[in-house]
Student: 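Take this structure, written in structure tokens, and hold onto it; I'll ask about it next.
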Amino acid sequence: MNDKQLQKVSKALDTFKIETASWAFADSGTRFGQFYQDAAAIDTPDKLADAGQVHQFTGCCPTVAVHVLWDFNKGEDPKAIAKVAAKHGVSIGAINPNVFQDQAYKYGSFGNPDPASRKQALQHVIDSIEIGKAVKSQIVSLWFADGSNYPGQANIRQRKKWFEECLKKAHEKLGPKQLMLIEYKPFEPAFYHTDIGDWGMSYVLSKKTGPKAKVLVDTGHHFQSQNIEQIVAWLLDEDMLGGFHFNDRRYADDDLTLGSIDPYQIFRIFHEILYFGFESKKMPSIAYMIDQSHIDKPKIEAMIQTVMMAQELFAKAALVDHEKLRVLQTRCEQVDAEEILRRAFFTDVTPALVEWRKKKKLAANPLLAFRESGYEARVAKERKARRQK
Ligand code: AFD
Ligand code: MN
Ligand code: MN
């Protein structure tokens, strides 16, 4: 890497922040069972302490997304949770309501034919918006498991109308600085239709809901071989890209660690964003958030691995020569245009990452430094004892 490239990467890394997810630090599993880890977080203070470690070693994860039912005990003062976060050097990021676990949601939340369930879900989302205001969070991140499992079970158009109605009511409660991000997912847990099944449905609902509603792209929520960066480019051009839930997948919504299966895809997503920023002369404000569930990897190590991979891929995308690319695209010189991306992707950006970390007084390799800190062994012992009480 030459000096110019080192500068470019350093500048890009200065702007790159990615949010960890509280739920990624606790024990998790699949519908086939959970496998427990001594060092897994037991409660929200543990999760925030672990998130604090990730930020301390990587320097780019100052906020933590929370899941309302899993992180806030009923009636607990949200400000107390925000104080615990601050103690660990992080702050609360996106607020994730939970309208998919209560029995009332068996046939959906905003799309449920029973008005009492729709009302309960709307109240929970409004309560989550108020929690966001209390902890000065700017994002309410909405994911709905709503859908049906058999043909004929649901009136799809009617459910769409109920969603429009409830989303508008929730949107009215947003504070001046709050955004509502509407996430889509093609299937699971619904296996015939999911009410917000793709980016187009999320886009239509966001546009109808109001100016503070935007689309949330979860990289695991697409059919095999779907071109996610094309969706990202369209949403950027429409100023409707609110943010991402990053993870990786081999088959479906596998929630594997970012870049573990297809790093080139994440690079192409970052490239579309940086190319947009270059052409529009303004970087869009997008929430980069991690949403993954490390079923067998040690929780904190997996998160640090993910964050290091995200930084590395963002750094590579920052090396794309946009000026040259634009000329080659207009001339339809597809081999040379592709080579511009490939050269950037295959550049070893480690020296630039190490230099950036040195500038920030961070260890050259955050994963090794975390391992040497002994934090994981210490909390494993302490949490194991707590579980045995
Ligand atoms: C599950 C859903 C969705 C949601 C996340 C957090 O598939 O991605 O964002 O849980 O609620 O992964
Ligand atoms: Mn998600
Ligand atoms: Mn998911």
Side-chain angles (χ1 to χ4, degrees), residues 18-32 34 41 44 47 51 63-72 92-102 105 108-111 121 124-125 128 131-132 137 139-147 179-191 193-199 201-202 205-206 213-224 226 228 231-232 235 241-258 260-261 266 269 286-295 299 302-303 306 310:
I18 188 164
E19 182 166 295
T20 58
S22 66
W23 54 93
F25 297 105
D27 274 323
S28 61
T30 69
R31 61 181 175 172
F32 306 107
Q34 275 205 349
T44 303
K47 296 175 195 172
T63 57
V64 197
V66 289
H67 225 284
V68 173
L69 292 193
W70 305 334
D71 291 325
F72 293 92
I92 302 297
I95 309 289
N96 289 262
N98 184 317
V99 284
F100 50 86
Q101 278 183 307
D102 192 291
Y105 303 135
S109 58
F110 281 9
H124 178 66
V125 169
S128 301
I131 288 175
S137 154
I139 288 177
V140 180
S141 175
L142 300 177
W143 173 66
F144 299 91
D146 289 51
L179 273 184
M180 168 193 282
L181 303 191
I182 299 176
E183 186 173 1
Y184 59 89
K185 181 172 182 178
F187 72 97
E188 188 196 27
F191 290 106
H193 99 280
T194 296
D195 287 305
I196 309 180
D198 68 20
W199 77 273
M201 296 173 200
S202 172
L205 286 173
S206 299
K214 294 203 173 185
V215 178
L216 172 60
V217 177
D218 183 307
T219 50
H221 291 187
H222 299 86
F223 294 117
Q224 288 280 12
Q226 219 170 334
I228 302 176
I231 296 169
V232 168
L235 291 172
L241 178 62
F244 291 89
H245 273 175
F246 282 116
N247 47 62
D248 211 338
R249 38 81 63 86
R250 182 71 206 87
Y251 300 101
D253 185 29
D254 310 332
D255 281 350
L256 300 174
T257 47
L258 180 147
S260 56
I261 305 293
I266 303 291
I269 289 171
I286 300 171
Y288 295 139
M289 302 181 277
I290 292 159
D291 172 19
Q292 53 193 38
S293 171
H294 326 298
I295 298 171
K299 309 291 176 184
M303 189 58 89
T306 273

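Both counts, for ligands and for their atoms, begin at 1 and track the order of listing.
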Student: Which residue and atom name correspond to the protein heavy atom nearest atom 9 (O) of ligand 1, and how close is it?
Tutor: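 The protein heavy atom lying closest is Glu183 OE1, 2.7 Å.
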Student: Of all the N, O or S atoms in Glu183, which one sits nearest to the Mn ion (ligand 2)?
Tutor: OE2
Student: Salt-bridge test for Lys185 and Asp218: reply yes if a basic N is under 4.0 Å from a carboxylate O, no otherwise.
Tutor: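 Looking at Lys185 and Asp218, the cut-off is not met.
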Student: State which residue, out of Val99, Val125, Leu181, fulfils the side-chain contact (heavy atoms from CB on, under 4.5 Å) condition with Leu142.
Tutor: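 Testing Leu142 for a side-chain contact (heavy atoms from CB on, under 4.5 Å) against Val99, Val125, Leu181 leaves exactly one candidate, Val125.
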Student: Which class fits the ring pair Phe187 and Phe191: parallel under 30°, tilted 30 to 60°, perpendicular over 60°?
Tutor: tilted
Student: For atom 5 (C) of ligand 1, which protein heavy atom lies nearest, and how many Å away is it?
Tutor: Asp291 OD2, 3.3 Å
Student: Evaluate the ring planes of Phe246 and Tyr288, with Trp represented by its six-membered ring, and classify them as parallel (under 30°), tilted (30 to 60°) or perpendicular (over 60°).
Tutor: tilted
Student: Just let me know how Asn98 lines up against ligand 1, side chain, backbone, both or neither, with a heavy-atom cut-off below 4.0 Å.
Tutor: neither
Student: Is the Phe110 to Phe144 ring centre distance short of 6.0 Å?
Tutor: yes
Student: Any chance you could lay out the ring pair (Phe, Tyr, Trp, His ring centres under 6.0 Å) test for Tyr184 and His222, step after step, and finish with the verdict?
Tutor: CA-CA 9 Å; Tyr184 59 89; His222 299 86; 5.2 Å; yes
Student: The test is side-chain hydrogen bond (donor to acceptor under 3.5 Å, both in side chains); show your working for Thr63 and Glu19 and say whether it passes.
Tutor: CA-CA 5 Å; Thr63 57; Glu19 182 166 295; 2.8 Å; yes
Student: Among the N/O/S atoms of His245, select the one at the shortest distance from the Mn ion (ligand 2) and name it.
Tutor: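 Going through the N, O and S atoms of His245 one by one, ND1 ends up nearest to the Mn ion (ligand 2).
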Student: Decide yes or no on side-chain hydrogen bond (donor to acceptor under 3.5 Å, both in side chains) for His193 and Asp195, but give the supporting numbers first.
Tutor: CA-CA 6 Å; His193 99 280; Asp195 287 305; 2.7 Å; yes
Student: Distance under 4.0 Å to a non-hydrogen atom of Asp255: what atoms of ligand 1 satisfy this?
Tutor: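 So the atoms of ligand 1 that pass are 12 (O).
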Student: Could you say whether the N/O atoms of Lys185 and ligand 1 ever approach to under 3.5 Å?
Tutor: yes
Student: Any sub-3.5 Å donor-acceptor pair from Thr219's side-chain atoms to Asn247's backbone N or O?
Tutor: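 Such a contact is found between Thr219 side chain and Asn247 backbone.
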Student: For atom 3 (C) of ligand 1, which of the options Gln292, Met289, His221 provides the nearest non-hydrogen atom?
Tutor: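 Heavy atom nearest to atom 3 (C) of ligand 1 belongs to His221.
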Student: Return the name of the atom in Asp291, of element N, O or S, nearest to the Mn ion (ligand 2).
Tutor: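 Of all N, O or S atoms belonging to Asp291, OD2 is the one nearest the Mn ion (ligand 2).
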Student: Tell me which N, O or S atom of Asp218 sits nearest to the Mn ion (ligand 2).
Tutor: OD2
Student: Looking at the Mn ion (ligand 3), which N/O/S atom of Asp253 is the nearest one?
Tutor: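 Of the nitrogen, oxygen and sulfur atoms in Asp253, the Mn ion (ligand 3) lies nearest to OD2.
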Student: For His245, counting its heavy atoms only, list the atoms of ligand 1 lying under 4.0 Å from any of them.
Tutor: 9 (O)
Student: For ligand 1, is any non-hydrogen atom under 4.0 Å from His67's backbone (N, CA, C, O), its side chain (CB onward), both, or neither?
Tutor: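 Just the side chain.
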Student: Please name the residue in the list Asp146, Asp102, Asn98 that meets the side-chain hydrogen bond (donor to acceptor under 3.5 Å, both in side chains) test with Ser109.
Tutor: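 Of the listed options, the one satisfying the test is Asp146.
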Student: Can you check whether Asn96 has an N/O within less than 3.5 Å of an N/O in ligand 1?
Tutor: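 No, no N or O pair falls under 3.5 Å.
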Student: Which ligand 1 atoms does Asp218 reach within 4.0 Å, using its non-hydrogen atoms?
Tutor: 8 (O)
